[in-house]
Engineer: 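Got a structure for you, written out below as structure tokens; questions coming shortly.
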Amino acid sequence: MNLLLEGARMAWENLWNNKLRSVLTLLGVAIGIGSTVSLLGMGFGFKEEIFREFESVGRNMIMVFPNIFMETGEKLEPLTEADRRSIAAVCRDGIEEIVPFIFGDQAMVRYLKEKTAPQVTGTAPGFLEIQGLKLENGRFLTEADLSTGRKVVVLDWRVKEKLFGRINPVGKMVTLYGEKYQVIGVIEKKISSISFGTDTNGMNLYLPVTTLQRVMKFKDYYGLYITVSSLAETETISKMINGLMAKKYGPKHGFQVFSTEELLKALQIVTGVITALLGMIGGIALLVGGIGIMNIMLVTVMERINEIGIRKAIGAKNTNILWQFITEAVALCLLGGALGTGFGFAVGFFIKKHTPLRLVITPGLVGTAFLFATGVGLFFGAFPAWKAAKMDPIEALRFE
Amino acid sequence: MIRVEKLDKIYKNGVLEVQALFEINLAIQAGEFVAIMGPSGSGKSTLMNILGCLDRSTNGSYRLNGVEVGDLNDNELAEIRNKEIGFIFQTFNLLPRSTALQNVELPMIYAGVRRGERREQAMEALKLVGLGDRWHHRPNELSGGQRQRVAIARALINSPDIVLADEPTGNLDSTSGREIMMILQNLNQQGITVILVTHDEEIASYAQRIVRFRDGEIISDEPVAERTVERE
Ligand SMILES: Nc1ncnc2c1ncn2[C@@H]1O[C@H](COP(=O)(O)OP(=O)(O)OP(=O)(O)O)[C@@H](O)[C@H]1O
Ligand SMILES: [Mg+2]
């Protein structure tokens with residue numbers, strides 16, 4: 001224990017005596033550790049973001065969309081009210097809610113002199129929960145709005161800001177498709193980078209699906225969001241719907257039926273691969289840093305052959321010498337690791353501030369980084385230290 | 001204490017072989033003060049290195065306090081160098097970046113002595129060689145004589161039974177050389193066995209006995225007729 005402490009002290013003294021060289025060398029490790037930490041942090045951040053998103057949406061959701069990636073020659077089939085009914089009938093037990101939606105034509109919405117062109121979506125109650133959105137003001141669409149095809153709209157915060165500024169828009173009338181619509185609610189800002197079907201970075205305006213169907217002279221749906229009462233049933237119900245569509249439109253039907261659970265699983269694999277790749281890039285940087293350590297340790301050993309001879313002459317054992325140089329390499333790596341972790345945090349802070357991405361740097365990640373730094377020191381310090389330890393004392397003393 | 005029998009040392013550099021020692025026989029009792037003399041290349045340093053357990057003989061036997069040194073492993077030799085033998089070199093061999101105090105402390109680190117105790121003992125040893133006020137100086141801030149006194153303090157710090165000095169005055173002027181010899185003679189009077197290599201007859205006269213070498217062999221071994229005894 002005493003020798004361990006002495007080793008650390010001697011290592012520190014030597015590193016201090018060669019400040020510039022030490023700093024340059026540990027910079028290599030710092031960059032390696034720093035990039036590993038920030039890249040992995042980014043991977044973890046991405047993963048966490050996806051989980052959060054799925055948590056807010058609920059993992060027991062099934063989406064039925066017309067396949068937009070269809071091969072040429074296939075016809076884009078709309079989902080009919082009959083389809084909706086048959087899905088509701090077949091899976092009556094498991095299904096909680098079916099929320100249909102259609103998109104409207106690009107159109108101007110006006111309030112007094114202000115105007116803007118949001119994405120217009122016709123939908124039904126339940127849409128808000130499915131999208132993980134919240135109201136800032138007023139209310140969302142109700143069954144009553146749908147059954148009578150009321151001319152009411154819900155704005156998202158961007159549209160509201162553009163048209164109304166700081167004024168409360170609830171109850172005000174806006175012009176859309178040449179008609180007057182009453183604003184009934186405002187959706188608050190959602191901090192998220194992914195979404196299902198709607199562009200959260202764009203402007204959105206929602207009205208009852210029946211109203212939009214009338215305006216568009218369109219009697220079908222673009223797609224359905226289906227919530228299932230339990231996660232366990234999601235997969236079977238998803239399969240049932242798929243079967244239903246196949247029966248009606250043929251096995252190569254143009255619909256995509258997938259559950260959030262399936263999507264999550266697929267995304268988990270993708271993010272896992274991305275994280276591993278990011279980690280590998282960091283790992284390569286770390287490897288380069290490690291080789292730098294080995295190089296400088298070999299130089300140090302060559303420069304200090306006389307010192308090694310002196311130490312051996314006055315009673316240092318081979319293991320003492322081995323330990324001395326390994327401690328030095330590990331100390332360099334730990335200092336590099338500390339600097340690198342700080343660097344990783346700085347990058348994380350910067351990314352959080354200037355991009356929508358987030359870095360998740362956990363204590364576990366920091367711990368692993370230090371473990372790796374130690375490992376790099378041990379691994380790349382071992383050979384130079386071993387070279388030093390096995391030197392013959394007389395030859396080392398004579399060396400000029 | 002030291003018993004060397006039929007000791008050979010052959011240096012092998014690839015195909016080239018140099019025999020530096022031929023069947024050396026030598027016995028040194030505890031408390032003796034022996035000077036080894038001889039022309040350059042006659043094998044004095046070679047023998048000293050073997051006696052100091054820094055190097056191994058090729059053939060023959062070296063018994064130190066009854067133990068056959070040839071049978072010991074590297075760790076056991078390191079232990080002997082650390083505790084039983086103090087080595088003093090012509091070129092001082094101090095760690096250039098360490099202070100006098102740190103240099104003197106070094107053998108105690110490998111002996112596992114605690115830091116506080118180490119400091120204290122090293123200070124004490126430096127005071128004994130007259131360098132108590134120079135403990136924080138690095139070797140390049142000290143004169144040759146002072147450096148050699150630091151080296152002596154280091155050699156003595158773990159209280160060895162034997163001090164081996166290979167031309168300790170070789171790099172010093174005669175005044176500093178005399179000071180060093182005074183210290184060695186003092187140590188010898190305290191019971192430490194001292195073996196000294198020198199080219200200088202005057203320096204050798206501080207010893208009790210002179211062993212002369214030529215071409216790797218001992219050619220004479222006799223007591224000093226007129227011994228120099230310095231008193232402080
Ligand atoms: N490492 C070595 N490899 C090969 N030959 C060596 C080695 N060390 C010493 N020798 C040879 O061994 C012989 C004895 O050398 P040694 O150093 O013991 O002489 P010395 O008596 O100490 O001389 P000096 O008075 O010059 O110090 C010399 O011929 C020398 O060249
Ligand atoms: Mg010599």
Side-chain angles (χ1 to χ4, degrees), chain A residues 1-22 296 299-328 331 385-400, chain B residues 9 11 13 20 45-46 48-50 52-56 73-99 102-118 138-139 151 153-158 160 164 166:
Chain A
M1 186 61 216
N2 197 22
L3 269 174
L4 228 92
L5 230 80
E6 280 314 320
R9 205 176 53 83
M10 284 193 298
W12 174 254
E13 267 167 23
N14 189 61
L15 296 181
W16 186 252
N17 284 333
N18 293 298
K19 276 180 249 15
L20 182 64
R21 179 200 286 181
S22 305
I296 218 67
V299 171
T300 303
V301 168
M302 283 310 287
E303 277 179 353
R304 285 152 74 194
I305 291 180
N306 263 303
E307 175 191 325
I308 295 163
I310 294 170
R311 287 181 186 273
K312 285 196 160 192
I314 59 160
K317 297 189 170 102
N318 293 356
T319 45
N320 295 140
I321 302 293
L322 186 82
W323 179 245
Q324 180 189 342
F325 284 96
I326 285 204
T327 320
E328 224 172 280
W386 173 78
K387 261 188 89 156
K390 76 172 175 68
M391 271 179 196
D392 181 71
I394 283 296
E395 278 170 29
L397 274 175
R398 278 166 176 258
F399 188 86
E400 314 264 322
Chain B
K9 177 68 188 180
Y11 289 110
N13 286 338
S45 294
T46 304
M48 287 293 265
N49 292 339
I50 293 170
C53 297
L54 281 165
D55 206 354
R56 291 172 186 274
N73 64 28
D74 282 358
N75 276 349
E76 289 164 329
L77 291 184
E79 192 91 4
I80 291 179
R81 292 198 294 268
N82 188 229
K83 301 217 170 75
E84 293 177 36
I85 294 171
F87 223 109
I88 301 165
F89 304 90
Q90 180 175 358
T91 52
F92 322 127
N93 280 341
L94 298 173
L95 294 186
R97 288 213 188 85
S98 302
T99 62
Q102 286 168 335
N103 267 290
V104 177
E105 269 185 82
L106 210 53
M108 283 190 285
I109 290 180
Y110 296 119
V113 180
R114 295 193 163 279
R115 194 182 162 103
E117 197 180 326
R118 240 163 42 207
R138 288 172 206 281
R154 183 181 65 184
L156 295 174
I157 199 71
N158 281 341
L164 301 176
D166 192 349

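This structure is a prediction, so every number in the text was calculated from the model and none was measured.
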Engineer: So for atom NZ, which belongs to Lys83(B), do other residues, nucleotides or ligands contribute more than 12 heavy atoms lying within a distance under 6.0 Å?
Structural biologist: yes

Engineer: Using the side-chain contact (heavy atoms from CB on, under 4.5 Å) definition, which of the options Ile85(B), Asn93(B), Leu95(B), Leu106(B) pairs with Ile314(A)?
Structural biologist: Leu106(B)

Engineer: When you look at Asn14(A) and Arg97(B), which way does the side chain to side chain contact (heavy atoms under 4.5 Å, CB included) test go after all the steps?
Structural biologist: CA-CA 9 Å; Asn14(A) 189 61; Arg97(B) 288 213 188 85; 4.1 Å; yes

Engineer: Would you name the heavy atoms of Tyr110(B) and Gly315(A) that are closest together and state the gap between them?
Structural biologist: CB-O, 3.9 Å

Engineer: Which heavy atom in Lys312(A) sits nearest to a heavy atom in Arg81(B), and how many Å separate them?
Structural biologist: O-NE, 2.7 Å

Engineer: Could you go step by step and tell me if Glu13(A) and Gln102(B) meet the side chain to side chain contact (heavy atoms under 4.5 Å, CB included) rule?
Structural biologist: CA-CA 12 Å; Glu13(A) 267 167 23; Gln102(B) 286 168 335; 3.6 Å; yes

Engineer: What part of Asp74(B) is in contact with chain A, defined as an atom under 4.5 angstrom from a non-hydrogen atom: side chain, backbone, both or neither?
Structural biologist: side chain

Engineer: Chain B heavy atoms under 4.5 Å from Arg311(A): which part of the residue, side chain, backbone, both or neither?
Structural biologist: both

Engineer: Do you know which two heavy atoms are closest between Ala313(A) and Phe89(B), and how far apart they sit?
Structural biologist: CB-CZ, 3.9 Å

Engineer: Mind listing the side-chain donor-acceptor pairs of residues 389-399 of chain A below 3.5 Å, one per line with the distance, residues two or more places apart or on another chain?
Structural biologist:
{"residue": "Asp392(A)", "atom": "OD2", "partner": "Ile394(A)", "partner atom": "N", "Å": "3.4"}
{"residue": "Asp392(A)", "atom": "OD2", "partner": "Glu395(A)", "partner atom": "N", "Å": "3.2"}

Engineer: For Ala78(B) and Ala316(A), work out which heavy atoms get closest and say how close.
Structural biologist: CB-O, 3.8 Å

Engineer: Quick check for you: to the nearest 0.5 Å, what is the distance between Asn320(A) atom CG and Ile109(B) atom CD1?
Structural biologist: 10.0 Å

